[in-house]
Amino acid sequence: MKTPRPVIQVSGCRKTYKSTVAVDDVSFEVFDGEIFGLIGPNGAGKTTTMECVQGLRTPDRGNISVLGLDPFRDVYALQDRIGAQLQQAQLQKRIKVWEAMHLWAALYRRKASDGDRLLEQLGLADKRGAWFMTLSGGQKQRLFIALALINDPEVVFLDELTTGLDPQARRTIWELVRDIRHRGKTVFLTTHLMEEAERLCDRVAIIDQGRIIDMDTPEGLVRRHCPERSVVLKTDDDHAGERFRGVPGVTSVAATNGRLTIHGAGEDLVMEVIRCLSEERIRVTDFRTVLPTLEDVFLRLTGHSIRD
Amino acid sequence: MLRGLLRLTWIEIKVFMREPLGAIGSIVMPVLLYVLFARLGRALSPQGRFTASSFFHVNVPVIVAILIAINTVLSLIAIISIYREGGILKRLRATPLRPWTILTAHVLVKLLLTAITLALMLLAGRRYFAAGLHPPVISFSIALIITTWSILSIGFLIASVVPTARFAQPVGAVVLYPMFVLSGLFIPREVLPPWLSHLPLSYAVSLLEGIWTGDPWSAHVGDVVALVIVFAVCTALSAKLFRWE
Ligand SMILES: Nc1ncnc2c1ncn2[C@@H]1O[C@H](COP(=O)(O)OP(=O)(O)OP(=O)(O)O)[C@@H](O)[C@H]1O
Ligand SMILES: [Mg+2]
């Protein structure tokens with residue numbers, strides 16, 4: 001594999017609003033062709049960071065380069081090559097869906113994507129002639145995603161892309177984002193949904209109170225910060241509990257309501273438990289592994305849940 | 001970028017026309033107002049068209065023209081601040097559109113509406129003009145466009161600095177209407193302190209009044225220059241102060 005080329009480089013970025021430090025000493029890189037996620041709770045500084053990268057806000061300090069351009073100096077050249085869905089934006093109340101697509105297509109020097117096809121893909125085909133103000137929240141969101149893709153951008157910025165969408169639409173959007181990546185584009189997104197980050201992102205940065213705490217692949221973060229995992233099983237064997245205590249990697253065994261929960265750490269825990277089950281011929285009627293998630297990583301790193 | 005400007009302008013026109021009262025408020029109302037004024041004027045001077053109240057002959061078109069301009073500017077202020085508050089400006093900025101393209105589109109929409117209103121007004125009002133009075137319609141239209149352009153820049157400045165949509169229009173009205181009252185249309189200039197004749201609207205009135213009564217442009221170079229200076233100063237200031245969100 002060739003070494004990945006960074007398309008976004010941020011170093012030492014800081015942004016304050018009066019006395020609020022929104023983003024402090026943030027540094028990261030986003031590589032060509034990856035889906036990079038910025039995750040963190042409300043007010044963590046995700047939008048601020050993303051908008052500095054897009055050239056919509058000016059950082060007080062730090063260097064940013066996107067596609068080799070300075071988002072502040074070369075903002076128009078940059079805008080032509082990126083697509084953006086902003087967290088808080090509206091269109092003219094009485095603009096029609098197709099008019100918005102038509103307008104956006106005229107704003108870029110690059111050749112526009114097929115607007116009708118985008119609307120089709122995003123399930124907005126039958127809303128072509130509807131006024132913006134009559135769209136539901138999720139439909140507006142989908143329109144904004146369509147507008148972000150109209151110039152066939154090299155880097156796509158999606159700020160809270162699935163907020164307000166139903167699970168069905170959320171899955172469609174995830175598919176679409178993966179599709180964008182398949183076409184060789186880079187995606188930079190923010191989310192506070194850990195599941196979304198876990199399923200979609202190649203790499204994530206966890207941001208809390210304006211600082212990036214850690215950055216890695218979702219699996220890498222889980223492996224490093226939450227190596228523990230558990231196996232939950234159901235058995236009639238009253239003595240099963242004791243037998244697991246000797247298994248390598250197991251730290252404790254708890255029995256509740258006829259279920260055994262085996263806590264331990266390390267990648268091999270599940271295999272060792274299964275080996276023990278077969279060697280000791282323990283009959284189980286249910287077997288489930290509980291693996292830590294990004295949610296747990298977040299809790300461990302910040303000391304609070306992302307929903308707080 | 002011309003393509004973007006034209007398409008944005010066209011869409012803004014359509015969006016404006018879809019607004020309830022959009023077309024009626026900005027086009028039909030001023031024309032009706034004008035007809036009403038003119039009828040009133042004729043009623044006040046029953047024996048002829050020229051004598052009793054030259055006020056109504058000379059000043060009605062000017063008053064109505066200025067009212068149209070003010071109306072236009074107030075609605076521009078409202079639109080800019082609503083767009084800002086609603087995040088529409090911000091969304092437009094996250095494209096290669098230049099700020100001035102966005103603003104120019106709005107100015108074009110407003111100038112176009114002004115021109116249509118004016119044309120209708122002159123058509124509707126033809127039979128109230130005094131016999132023998134041939135108002136220089138084309139020159140007057142040009143004068144009105146210069147005036148509107150200049151006052152629009154005041155509107156921009158207001159829209160740039162007033163934070164919320166709710167305040168923007170009242171602030172605009174508070175700035176513009178007193179200027180209108182003191183512009184020399186209602187109170188003779190001789191009575192007013194001299195510095196008041198340097199209000200932007202005073203130049204506008206002087207220009208419109210003069211052109212309407214048949215002065216050559218050369219008599220009003222000073223007015224035009226003053227209006228251009230107002231435009232330049234306000235535009236420069238709002239470029240510095242303009243806020244997208
Ligand atoms: N325009 C602004 N003026 C003043 N303070 C701001 C502004 N924008 C953001 N902030 C503050 O900066 C901090 C970071 O805000 P930001 O919008 O970047 O957070 P976020 O991570 O995107 O949050 P959310 O998940 O709610 O979207 C917050 O404390 C917020 O109050
Ligand atoms: Mg945000």
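Quick note on labels: first sequence line is chain A, next is B, and so on, each numbered from 1.
- A cation-pi contact, defined as under 6.0 Å to the ring centre and within 45° of the axis, is absent between R91(B) and F144(A).
- We find the CD1-NZ distance between I82(B) and K93(A) to be 7.0 Å, quoted to the nearest 0.5 Å.
- Heavy atoms closer than 4.5 Å to chain A are found in the side chain of I11(B), but not in its backbone.
- In terms of heavy-atom proximity, R7(B) sits nearest to A106(A) at NH1-CB, 3.5 Å.
- Both the backbone and the side chain of K90(B) have a heavy atom closer than 4.5 Å to some heavy atom of chain A.
- Under a cut-off of 6.0 angstrom, the local environment of CZ in F72(A) is sparse, with at most 12 non-hydrogen atoms contributed by other residues, nucleotides or ligands.
- The nearest pair of heavy atoms linking P99(B) to Y76(A) is CD-OH, 2.9 Å.
- Rounding to the nearest 0.5 angstrom, the gap separating the CH2 atom in W104(A) from the CG atom in L92(B) is 4.5 Å.
- P96(B) and L107(A) make their closest contact through CG-O, 3.6 Å (heavy atoms, listed as atom of the first residue, atom of the second, distance).
- Around the CD atom of Q209(A), the shell of radius 6.0 Å holds no more than 12 heavy atoms that belong to other residues, nucleotides or ligands.
- When the heavy atoms of residues 43-62 of chain A are compared with those of chain B, the residues falling under 4.5 Å are E51(A), L56(A), R57(A), listed by number.
- F132(A) has its side chain out of reach of V15(B): every pair of non-hydrogen atoms, C-beta onward, lies at least 4.5 Å apart.
- Applying the 6.0 Å contact sphere to CH2 of W217(B) captures more than 12 heavy atoms from other residues, nucleotides or ligands.
- Residues meeting the side chain to side chain contact (heavy atoms under 4.5 Å, CB included) test with E85(B), sequence neighbours left out: T164(B), A165(B).
- The neighbour count for W174(A) CH2, taken as heavy atoms of other residues, nucleotides or ligands under 6.0 Å away, is above 12.
- R81(A) meets the salt bridge (Lys or Arg N to Asp or Glu O under 4.0 Å) test with E154(A); sequence neighbours excluded.
- Here R178(A) pairs with E175(A) under the salt bridge (Lys or Arg N to Asp or Glu O under 4.0 Å) rule; sequence neighbours left out.
- Heavy atoms of other residues, nucleotides or ligands lying less than 6.0 angstrom from CZ of R110(A) number more than 12.
- The shortest side-chain heavy-atom distance between T95(B) and Q79(A) does not fall under the 4.5 Å cut-off.
- Panel note: side chain R94(A), backbone F16(B); no donor-acceptor pair is recorded below 3.5 Å.
- In this structure the side chain of E12(B) reaches within 4.5 angstrom of the side chain of Q92(A), judged on heavy atoms.
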### Message
I'd like to know whether R18(B) forms a side chain to side chain contact (heavy atoms under 4.5 Å, CB included) with W131(A), so could you lay out the CA-CA distance, the side-chain angles of the two residues, the decisive distance to 0.1 Å, and finally the verdict.
### Response
CA-CA 10 Å; R18(B) 286 174 194 155; W131(A) 287 355; 3.6 Å; yes
